[in-house]
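The structure appears below as structure tokens.
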Amino acid sequence: MLDPQLLRRNIDQLAEKLRARGYTLDIDYYQGLEKQRKSLQSEIESMQEQRNRISKQIGYAKSQGREIQPILDSVDTLGGQLKTRKAELGNVQQKLTVLLSEIPNVADDSVPIGSDENDNVEIRRWGTPKEFDFPVKDHVDLGESLKLMDYETASKLSGSRFVVMTGGLARLHRALAQFMLDFHVREHGYTEVNVPLLVNQQTLFGTGQLPKFEDDQFRTSDDPPYYLIPTAEVPLTNLVAGRILDADSLPLRFIAHTSCFRKEAGSYGKDTRGMIRQHQFEKVEMVHVVRPDQSRLSLDQMTGHAEAILQALEVPYRVIVLCTGDMGFSAAKTFDLEVWIPSQNQFREISSCSTVEGFQARRMKARWRNPATGKPEPVHTLNGSGVAVGRALVAVMENYQNADGSISIPAVLAPWMGGLDRLTGTAG
RNA sequence: GGAGAGAUGGCCGAGCGGCUGAAGGCGCUCCCCUGCUAAGGGAGUAUACGUUGAUAGCGUAUCGAGGGUUCGAAUCCCUCUCUCUCCGCCA
């Protein structure tokens, strides 16, 4: 949610900025509603003021033992009028809330203007793609020929976009998650958190998935509406929902390893093969809750934290900054990490680190007490993958493949691999 | 799933349908007093929105949430949520 002051004060400038993101703000519609809201609200408040005043007179008159009927008569019609006006206001406010909650965040000034992923800008590269002296296999061929990865059985159990992993590969997947979690906690000062995977509507509203992206979520039940989290960003960020934080408790750095669930509606035909795009996948997620003046710096740090994982795994990657047209709904600025996928001969997204500034904080009423003003103000929140576990597995499998179809294990994962240093299909 | 108890400000805790945005206490802030410390005295201490150029001020709302009764609700009624205790069931 944007700061409502932005809409009230600089709506033309705001509309301009939103246009860069491909969102058209209906200024007339907004201003019409806002005008109605104002007049209804003042009208209602003055009616309430009148009612309160008269009610006090009644109380006073009664205590004096005087006749109250004449006073009662004077407010005879007030109640009814108030009721209809309140209903009208409720209506207008509902529309305003829907409008406001579906406006995307405004891009930071440093974000390149553009319309889609072709306008993203590469910032830097790390590592050099390995030259293979044999034809490379993709992770599906590797996994299936080692009999450690089974899409057919997964499809029987669930459907498309699921996978069954077995033995050493399942262990490698787990090792990756454990490594990332332990690494971030030890090296980067994160607090490990174990969070619910099922959340309510309010929580999804807080991070911006609802109301606009209902169709992307798995809804599990109706009587209490529960949703499977699409990312741990949702529960982690909402940890501070509704709270007023002390200045010295910031920054907060949370990390969690969770499964994530996405319908992938609208991505039909995209990445249908393999583990790149699944309905269920695992991710290690980082969330920062910071003072507003720290969010830019924090974004760089968070991106660095994700990069450290890929460097430790020794897989080549590049960092890009997303252009205005390619950013997610809540983001003010996003760095994507893209890892080298040999079989595709290209870089693919493995982490996305964003600052959303106060956008989510305003939705979830997460505030801090600014010592300078003494007042509660929205905090800034950031989120980033540190990194996607399934995609990291793909990267490791493909970048560490050998001519005989076996897969070497990155040295850094040794502590979690129980002595296994190569996947040959027989181990585990 | 069954039975019961509860939800009030940063915390604890009062509150007969009317002068209660909310007693009292704790904590915190400022001031005074006191030659350190301790003790004591005084004032202040929620959030949102509206009004205003911005304060102050004023107005409105908020005592778990949402409805209702009433001229008037923290207080009465209904629904829901959550917490706690006991029983059952389980990881």
Side-chain angles (χ1 to χ4, degrees), chain A residues 1-10 30-31 33-101 194-206 210 220-227 235 238-250 252 259 358 360-379:
Chain A
M1 193 125 54
L2 296 172
D3 184 348
Q5 297 302 326
L6 273 180
L7 282 109
R8 292 187 193 154
R9 303 242 159 101
N10 297 312
Y30 167 77
Q31 288 184 329
L33 285 176
E34 183 62 9
K35 197 174 164 189
Q36 287 181 56
R37 195 217 94 225
K38 270 193 179 177
S39 82
L40 280 169
Q41 188 167 334
S42 347
E43 194 183 352
I44 285 167
E45 287 188 358
S46 75
M47 285 163 85
Q48 285 173 324
E49 189 272 336
Q50 190 187 348
R51 186 199 62 194
N52 289 347
R53 190 157 33 78
I54 292 171
S55 294
K56 277 191 180 176
Q57 284 175 20
I58 292 171
Y60 182 71
K62 252 185 145 175
S63 70
Q64 303 285 305
R66 289 206 312 267
E67 181 58 50
I68 58 167
Q69 195 54 46
I71 318 182
L72 282 176
D73 291 344
S74 74
V75 282
D76 190 29
T77 56
L78 197 59
Q81 288 175 11
L82 198 52
K83 205 169 186 173
T84 45
R85 282 290 179 268
K86 273 188 172 173
E88 289 173 40
L89 179 63
N91 219 324
V92 170
Q93 270 170 336
Q94 175 63 25
K95 287 180 186 162
L96 270 172
T97 304
V98 168
L99 175 66
L100 211 58
S101 62
N194 189 290
V195 290
L197 305 184
L198 287 171
V199 296
N200 60 30
Q201 289 177 310
Q202 190 186 336
T203 299
L204 278 168
F205 179 84
L210 292 183
T220 63
S221 65
D222 287 330
D223 50 347
Y226 279 144
Y227 296 80
N238 276 283
L239 289 174
V240 295
R243 290 178 55 188
I244 299 175
L245 302 157
D246 288 336
D248 36 355
S249 69
L250 301 178
L252 295 170
S259 291
Q360 293 173 333
R362 278 186 291 273
R363 294 174 87 97
M364 64 176 71
K365 293 184 175 54
R367 294 170 292 180
W368 70 302
R369 197 173 290 279
N370 184 346
T373 61
K375 294 284 175 195
E377 297 172 10
V379 291

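Below, read A as the first sequence line, B as the second, and so on, with proteins coming before strands; counting in each chain starts at 1. In this text the structure is predicted, and so the values were computed from the model without any measurement. Computation of the quantities below employed the complete heavy-atom set of this structure, encompassing side-chain atoms and omitting hydrogens, waters and symmetry-equivalent molecules.
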By nearest atom, which of the nucleotides [options] is closest to the [X] side chain?
X: A:K83; options: B:A61, B:G50, B:G68; value: B:G68
X: A:R8; options: B:U47, B:U69, B:C49; value: B:C49
X: A:R367; options: B:G50, B:U47, B:U60; value: B:U47
X: A:S55; options: B:U47, B:G72, B:G68; value: B:G72
X: A:E45; options: B:G18, B:U47, B:C49; value: B:C49
X: A:K375; options: B:U60, B:C71, B:U47; value: B:U47
X: A:R369; options: B:U47, B:G18, B:G72; value: B:U47
X: A:N52; options: B:C49, B:U60, B:C71; value: B:U60
X: A:K38; options: B:U51, B:G68, B:G72; value: B:U51
X: A:I58; options: B:C19, B:C71, B:U60; value: B:C71

**Prompt:** Can you tell me how far the OG1 atom of A:T97 sits from the CG atom of A:L33, to the nearest 0.5 Å?
**Reply:**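 The distance works out to 10.0 Å.
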**Request:** Check the surroundings of atom CZ in A:R37: do more than 12 heavy atoms from other residues, nucleotides or ligands lie under 6.0 Å from it?
**Result:** yes
[atom1] gap between [N] and [M], integer Å:
N: B:A74; M: B:G17; atom1: P; value: 13 Å
N: B:G21; M: B:C36; atom1: C1'; value: 42 Å
N: B:C33; M: B:G42; atom1: C1'; value: 10 Å
N: B:C16; M: B:A7; atom1: P; value: 13 Å

**Message:** What I want to check is whether an N or O donor and acceptor connect the side chain of A:K56 with the base of B:G18 at under 3.5 Å.
**Reply:** no
**Asked** Are the charged groups of A:E49 and A:R53 less than 4.0 angstrom apart, N to O?
**Response** yes
**Message:** If we check side-chain contact (heavy atoms from CB on, under 4.5 Å) with A:L40, which of these qualifies: A:E45, A:E88, A:K86, A:K35?
**Reply:**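 Testing A:L40 for a side-chain contact (heavy atoms from CB on, under 4.5 Å) against A:E45, A:E88, A:K86, A:K35 leaves exactly one candidate, A:E88.
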**Item:** Derivation of the side-chain contact (heavy atoms from CB on, under 4.5 Å) call for A:Y30 and A:K95
**Value:** CA-CA 9 Å; A:Y30 167 77; A:K95 287 180 186 162; over 6 Å; no
**Item:** Closest-nucleotide ordering on RNA chain B, the 5'-leading residue of A:K86 and A:S42
**Value:**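 Looking at the nearest nucleotide for each, A:S42 comes out on the 5' side.
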**Complete:** Note: for A:Y60 and A:E34 on RNA chain B, the residue whose nearest nucleotide lies more 5' is A:Y60
**Request:** Report which part of the nucleic acid A:R37 touches: base, sugar-phosphate, or nothing (heavy-atom distance under 4.0 Å, all strands).
**Result:** sugar-phosphate
